[in-house]
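Atoms within each ligand, like the ligands themselves, are counted from 1 in listed order. Numbers here simply count residues along the sequence, with the first being 1. Please read all numbers here as calculations on a predicted model, not as lab measurements.
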Amino acid sequence: MENKTGVKILSTGSYVPKKVLTNFDLEKMVETSDEWISTRTGIKERRIADKSETTSDLAYNAATKAIEKAKISVDDIDLIVVATISPDAPMPSTACYLQKKLKAFNAVAFDIAAACSGFIYGVTLAKAFIASGLYKKVLVVGVEALSRITDWTDRNTCVLFGDGAGAMIFEASETENDIVSTYLGTDGTHTEILNIPAGGATLPTTKETVEQRLNFVKMLGKEVFKVAVSKMALAVNKAQELAGLTDKDINLYIPHQANLRIIEAVAKKAGVTKENVYVNVHKYGNMSAATTIVALDEAIREGRVKKGDLVELVAFGAGLTWGACILKINF
Ligand code: UT7
């Protein structure tokens with residue numbers, strides 16, 4: 001029998017490291033220019049985690065803000081989901097490190113790997129777990145320390161990424177339905193266009209893999225660009241269709257912040273009101289699983305989102321994975 005438990009969104013929180021790496025700094029590291037990076041991507045600067053900070057530290061800082069805002073006790077959290085592709089270690093999950101740092105010992109904790117779509121996959125899990133009645137207070141974190149898995153000698157990728165974390169807290173509700181709809185997609189036939197070739201069971205880390213720099217992110221940018229635009233436009237429309245809504249019902253779009261040209265192309269293809277699209281890619285670059293939730297938290301703090309607004313998050317990433325969700329922000 002279907003359980004109809006709804007979800008209330010209690011809060012958001014985000015954290016970005018203090019260190020800023022500008023396009024001009026990158027000019028000194030690889031053969032690139034502020035002009036190329038700005039015109040091809042819209043990125044001006046990005047944040048880089050301090051050597052002493054790890055992924056779970058970034059997650060902890062974002063989660064703590066969300067927990068304080070939600071005015072809940074960490075003891076009440078019964079599920080922690082961390083979306084990341086740059087974990088503290090291959091094993092155990094970053095969610096376990098986060099649980100320890102938060103002292104949220106009543107929570108079950110695990111990671112999900114859906115790359116840049118990870119936060120939207122996490123929101124979908126929160127909805128499903130709460131609807132099933134299994135968990136009642138869920139913390140979902142999108143977090144990346146991409147600087148640790150970036151090849152700083154490869155100008156094709158190193159200018160794109162940044163570090164950061166965002167968190168959202170959900171609770172079971174008999175009256176609210178703040179996760180209005182979610183839509184996910186996956187296509188495993190393109191695993192090779194965006195990946196980290198070595199360090200797994202296919203190609204375990206050896207001296208050779210390290211020398212060949214195969215333990216870093218590789219991307220065929222042009223191929224990824226094309227699929228990103230078509231799948232994100234599709235996801236925007238699908239999530240609206242599932243909710244019985246249209247563009248005029250959406251107060252703010254929060255697209256994955258990988259490239260300003262992708263954001264503009266998605267808006268055009270999906271037929272969304274351009275003025276309603278939130279952009280912060282110039283400040284942070286692509287923070288993978290952290291981008292949409294950091295942007296949403298920032299938009300709320302800036303007053304771009306008002307109580308009762310509907311926001312639509314949409315993302316695309318390695319896998320390939322994509323997804324969109326429509327959230328009611330009512331706190
Ligand atoms: O997070 C989810 C997944 N990621 C994305 O969504 C990213 C998707 N892809 C992109 O955003 C874009 O494809 C890039 C920004 C990565 C690249 O832009 P592009 O317009 O597709 O450029 P390109 O790869 O076709 O490269 C054009 C030229 C090449 O030179 P040649 O072969 O034409 O002589 C590159 O070698 O630009 C060169 N280039 C650079 N030049 C200066 C590539 N990177 C750089 C650089 N600085 N950093």
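In this structure, a donor-acceptor pair under 3.5 Å is present between the side chains of N215 and T205. In summary, the side chains of T22 and D25 do present a donor paired with an acceptor at a separation below 3.5 Å, with no hydrogens or angles considered.
Ring geometry for F129 against Y135 counts as perpendicular: the plane angle is over 60°, on a 0 to 90° scale with 30° as the lower cut.
A donor-acceptor pair is defined here as one N or O able to donate and one able to accept, closer than 3.5 Å; no such pair exists between the side chain of E176 and the backbone of I9.
Side-chain contact between I196 and I149 is present, with at least one heavy-atom pair separated by less than 4.5 Å.
Near ligand 1, heavy-atom contacts under 4.0 Å come from E31, T32, W36, R40, T41, C116, R155, N156, V159, L160, L194, M219, G221, K222, V224, F225, H256, A258, N259, R261, I262, N286, F316.
When the options E298, R46, R47, E45 are evaluated for a side-chain hydrogen bond (donor to acceptor under 3.5 Å, both in side chains) with Y284, the one that passes is E298.
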